[in-house]
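What follows is a set of notes on a single structure, which appears directly below.
We number each residue from 1, following the sequence as shown.
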Amino acid sequence: MDNKTLYNARVASSWRRHELGFLIVYALLFYFFIIRRSLHLSQEHYVKLYGLRSGWIFPPRLNDLSDAQWRNFRGNLPILTTVFLIYALVANFLRSRFLLRAKGMSIIWLIISFTYLLYLHEACVIFIISIASLNFLIVKIFARTKFFLYLLWTFNLYFLLSNRVYEGYSFSTIGLRWSYLDNFRGTFRWQICFNFVVLRMISFGYDYHWAYDHSHFDQKKHNQRCEVCKSGGTCYQLLQEKGVQDDKFTFTIYLCYLVYAPLYLAGPIVSFNAFASQLDVPQNNYKLRHLAWYGLRWTFSFLLMELMTHLFHYNALAISGLWKQLSPLDVFIIGYGVLNFMWLKFFLIWRYFRFWSLVCGIDVPENMPRCINNCYNLEGFWKSWHASYNKWLVRYMYIPLGGSKRKAFNVWIVFTFVAIWHDLEWKLLWWAWLTCLFFVPEMVMKSAVSTFKLQNQYLLYRRIWAIS
């Protein structure tokens, strides 16, 4: 090591010590002020806020249930937990009792999942099965052709858009004799859930298409560097890249993958290869004690959310429009609070469904691996906000479009799809395009750091990241 490198290392070490002390003091002062001011805002304006309900924390406090998604999830937790507990017991008992593998378990999960779907969508299950069957035929017939991927995307994008434009269709458009079925559309709009089904149909198509190509995945090299695989487990990347045998691409396993009950409503998203592999051989990464700890951590996080919504009415302050009358500093506090509320909400929803999937033997990617307050750039934020969706986008869109070689172009296509996938609204498209614009300076900074090898210049490197 030369003198210059040694000097830079010493400077970096010194700055890290001083920086850590400064950050601890700063964080304590910051959160003390945020908490104090948030309590004041919530107590001062609660009379004017929408969506507050009687709480259970003593002394009696109002609970902020102004977010419809969180209110519905929280209200349905008892029945959801009861249903999934029964499903898990039945599925695991039948698997162990009759030593069922992929084919047998797909039939079991199809029966279980369709009881769930019939409650949610009733007669509209017909639309789901019809579109899914057409996609299966397209994949099986055209998977080896050169134009297959164009056909797969065209078909799925058409129904992604059409489902929203026609609001899930009407049976009366098929014929007057079918119009009576419009009275049995269930308790949940099927076209909302179908967005996730579209991702799974595309995943099935790609994985089947790639099954005929020579795999470039080096399993031996992967096992040498992967900590999970070296310890005797099986990581998600291995399950996804290794692929499955042709006999797993059957209609029953495909349909089971599309409507698998624990992941049907909200994900997380799992590739077909990874799902079919674990349907055949259940996940072995989470033992009973790990599952118990995972569930306990979720319970603690849920109690934290309850404490947060009882003390701080961030979302109610935002949707009530009261923030327009407040100072810029108070608007910042409310915006910061809403971001943390949204992060914790999705954290709880996604981990809840992932927990039940793990109990039933299917390991899927964690959607919120990093706290929102620990994301210091846009790329890191999007990788950790909806991580399973990010993995899907990278595998089935970003890499096929050219990957990092065409990054500046690919992000526009990817984020436009993300906006359309969420809903058909101009504000979502503008959000997507603005996000792409915000990516530009970050990509420029990363390129400069790599080109001029500034990683070793600690002080300059830190300031560049702060600017970007």
Is the [atom1] atom of [X] crowded by more than 12 outside heavy atoms at less than 6.0 Å?
X      : atom1 : answer
Lys391 : NZ    : no
Arg189 : CZ    : no
Tyr166 : OH    : no
Trp178 : CH2   : no
Trp323 : CH2   : no

Does [Y] offer a backbone N or O that forms a donor-acceptor pair with the side chain of [X] under 3.5 Å?
X      : Y      : result
His422 : Val418 : yes
Trp350 : Gly267 : no
Arg370 : Lys383 : no
His290 : Lys287 : yes
Asp64  : Ala316 : yes
Arg95  : Pro282 : no
Ser388 : Pro365 : no
Thr115 : Ile112 : yes
Asp280 : Ala102 : yes
Arg71  : Leu65  : yes

Fit a plane to each ring of Phe302 and Trp70, take the angle between them on a 0 to 90° scale, and name the class: parallel (under 30°), tilted (30 to 60°) or perpendicular (over 60°).
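Plane angle between 30° and 60°, so tilted.
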
Is the Trp421 ring parallel, tilted or perpendicular to the Tyr389 ring (thresholds 30°, 60°)?
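Geometry flag for Tyr389 against Trp421: tilted rings.
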
Are the charged groups of Glu306 and Arg61 less than 4.0 angstrom apart, N to O?
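No salt bridge links Glu306 with Arg61.
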
Taking all non-hydrogen atoms of both residues into account, name the closest pair between [X] and [Y] and its distance.
X      : Y      : answer
Ile108 : Leu100 : CG1-CD1, 3.8 Å
Asn410 : Gly403 : ND2-O, 3.0 Å
Asp330 : Leu326 : CB-CB, 3.9 Å
Tyr398 : Lys407 : OH-CG, 3.4 Å

Please tell me whether [X] and [Y] form a close aromatic pair, meaning their ring centres lie under 6.0 Å apart.
X      : Y      : result
Phe417 : Tyr396 : no
Phe353 : Tyr260 : no
Phe127 : Phe171 : yes
Trp382 : Phe415 : yes
Trp298 : Tyr294 : no
His121 : Tyr264 : yes
Phe73  : Tyr352 : yes

Applying the ring-ring contact (aromatic ring centres under 6.0 Å, His included) criterion to Tyr336, which one of Phe33, Phe312, Phe30, Phe341 satisfies it?
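Result for ring-ring contact (aromatic ring centres under 6.0 Å, His included) with Tyr336: Phe30.
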
Looking at [atom1] of [X] and [atom2] of [Y], how far apart are the two atoms once the value is rounded to the nearest 0.5 Å?
X      : Y      : atom1 : atom2 : answer
Leu344 : Met305 : CG    : CE    : 4.5 Å
Thr416 : Leu428 : OG1   : CG    : 11.5 Å
Leu434 : Lys427 : CG    : NZ    : 14.0 Å
Leu118 : Cys124 : CG    : SG    : 11.0 Å
Phe84  : Leu89  : CZ    : CG    : 13.5 Å
Ile192 : Trp190 : CD1   : CH2   : 10.0 Å

Note, [X] side chain near [Y] side chain (heavy atom, < 4.5 Å):
X      : Y      : answer
Leu437 : Trp412 : yes
Thr252 : Trp109 : no
Asn340 : Met308 : yes
Ser384 : Trp343 : no
Ser38  : Ile333 : yes
Leu160 : Phe194 : no
His386 : Ile269 : yes
Leu120 : Leu265 : yes

Under a 3.5 Å cutoff, is there a donor and acceptor pairing between the side chains of [X] and [Y]?
X      : Y      : result
Tyr87  : Ser113 : no
Asn135 : Tyr254 : yes
Asp67  : Tyr314 : no
Ser203 : Tyr257 : yes
Ser271 : Asn273 : no

For Leu322 and Gln325: C-alpha separation, side-chain torsions, deciding distance, then whether side-chain contact (heavy atoms from CB on, under 4.5 Å) applies.
CA-CA 6 Å; Leu322 193 66; Gln325 306 169 21; 3.8 Å; yes

Starting from the C-alpha separation in whole Å, work towards a yes-or-no answer on side-chain contact (heavy atoms from CB on, under 4.5 Å) for Tyr236 and Asp363.
CA-CA 8 Å; Tyr236 180 78; Asp363 188 3; 6.0 Å; no

Does the pair Arg37 and Glu44 meet the rule for a salt bridge (Lys or Arg N to Asp or Glu O under 4.0 Å), with working shown?
CA-CA 10 Å; Arg37 187 59 188 161; Glu44 184 179 359; 5.0 Å; no

Val364/Gln278 under side-chain contact (heavy atoms from CB on, under 4.5 Å): CA gap, chis, key distance, verdict:
CA-CA 10 Å; Val364 298; Gln278 296 176 94; 5.6 Å; no

side-chain contact (heavy atoms from CB on, under 4.5 Å) assessment of Ser320 paired with Lys48
CA-CA 8 Å; Ser320 299; Lys48 306 173 187 177; over 6 Å; no

